[in-house]
2 protein chains.
Amino acid sequence: MPAHKTAETATRPARALRGKRARAAAEDSVPAEDAGGAEVFAVDTVNASFLESLLGYNARRASLSLVGVFMKCMTRFDLKIVEFSVLSLVGRNPGITSRQLCQQLDMLPPNMVGMIDALARRDFLERRPHPRDGRATGLYLTASGRELVDTAEPQLKSSEEKAVAHLSEAERVQLMHLLQKLYR
Amino acid sequence: MPAHKTAETATRPARALRGKRARAAAEDSVPAEDAGGAEVFAVDTVNASFLESLLGYNARRASLSLVGVFMKCMTRFDLKIVEFSVLSLVGRNPGITSRQLCQQLDMLPPNMVGMIDALARRDFLERRPHPRDGRATGLYLTASGRELVDTAEPQLKSSEEKAVAHLSEAERVQLMHLLQKLYR
DNA sequence: TATTGTTATACTCTATAACTATA
DNA sequence: TATAGTTATAGAGTATAACAATA
């Protein structure tokens, strides 16, 4: 999935989750006038009805909510989410190239280099030559990389399960299905 | 929803959407050996089964997909998504303060200042004193800001509708419900 | 000629500290 | 003492161009 990016940066999903429950309500306008005679109001409860009517807005907030759960879960391993994703992918795809990782994780090659360097320096993965392409480099988990992935994956899974425990199994299946239908 | 951020930056949702359909498949390993005698493989089809088993991963990709639709839709107005969000909120909440916008949109006050300045310079909104709090500033759409919002909102709505047209009305309602259940 | 990995670098977005005016 | 808005700045994350080695 190569191309150019968009704009949905978010390093703090926690925030989006504690937002005011500002539904379509009265706007609590308290009319008055400023010096120039223009009307001025005080907003008591924020009305976000339009944004909240968009699937995209709700998908983003739901996404940020779970991203927050993942981030918190990964702190104990001192891993960012993309770093874990790289290790998980390398674990299931020994010999994967950085180009393939970039495609899978929607990153640009120049920005992958440093991450792989860092993970290699921490002895979680290593580079070996590609069997058929002299330009490429295959990536492999080290023993401690394998140990990390095998520990982290189940913890991620169970932290997500805890986070969505208030949904029934049927709802989770349905949600997964609908989400995939949305982007596939 | 104040606090600190996380890490899900994405300026290019388009990419995530064109990703390989790498389901849990054979790993297409082509065993060989490198100079040191270690085994090397070539990965043909990427196996992303673990990531794809996470609701969070799927929610993020779905979110990025719709964010991409929104971005493209807003280019004709030369607006970023957050800029549109600000205008939409100001439109429904005349007199809203920058602090309230920050809470609603999960932004930090210092990063809101420049955006409001820019939107004011483009004559889409203006600041007026707050009727009851001398520290605060109320935000209001100008006539052209109102015109912009009234034009952009229906276009965003219909571009999303087009993007999710392959879901039935019942599915969209169900998805909206489940997403809100996830983060509220 | 095209592609992989890489360097260098610019740009955008996000975060923290500190200041002022007001509450 | 606390809060709203602001400034300045640091730090991530993302972007493009260009190069050497290989296809």
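By convention in this document, chain letters (A, B, ...) are assigned in the order of the sequence lines, proteins followed by strands, and residues within each chain are numbered from 1. In what follows, every heavy atom counts, from backbone to side chain, and hydrogens, waters and symmetry copies are set aside. What you see is a predicted model, and the numbers here were worked out from it, not measured in a lab.
Residues passing the side-chain hydrogen bond (donor to acceptor under 3.5 Å, both in side chains) test with B:K162, sequence neighbours excluded: none. Every residue meeting the side-chain hydrogen bond (donor to acceptor under 3.5 Å, both in side chains) condition with B:K157, not counting sequence neighbours, appears here in chain and number order: A:S53.
Atom CG in A:L108 sits about 14 Å away from atom C1' in C:dA10, given to the nearest Å. As a whole-Å value, the separation of B:L64 CG from D:dG13 P is 15 Å. Rounded to whole Å, atom P of C:dC13 lies 14 Å from atom CG of B:L105. The separation between A:M112 atom CE and D:dG13 atom P is 13 Å, rounded to whole Å. Atom P of nucleotide C:dA23 and atom NE2 of B:H130 are separated by 11 Å, given to the nearest angstrom. Rounded to an integer number of Å, the gap from A:M115 CE to D:dT14 C1' is 13 Å. Across the protein-nucleic acid pair, A:M107 atom CE and C:dT4 atom P stand 16 Å apart, rounded to whole Å.
Distances shown here put every side-chain N or O of A:K80 at or beyond 4.0 Å from the OP1 or OP2 atom of D:dA12.
Between the side chains of A:R128 and A:T137, no donor-acceptor pair of N or O atoms lies under 3.5 Å. Between B:R76 and B:Q155, the side chains place a donor N or O and an acceptor N or O closer than 3.5 Å (distance only, hydrogens not considered).
Using a 4.0 Å cut-off between charged nitrogen and carboxylate oxygen, A:R146 and A:D150 count as a salt-bridge pair.
Relative ring orientation between A:F84 and B:F50 is described as perpendicular, the plane-to-plane angle rising above 60° on a 0-90° scale split at 30° and 60°.
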* Asked: Reading nucleotides 2-8 of chain D from the 5' end, what letters show protein touch, with B for base, S for backbone sugar-phosphate only, - for no heavy atom under 4.0 Å?
  -> BBBBBBB

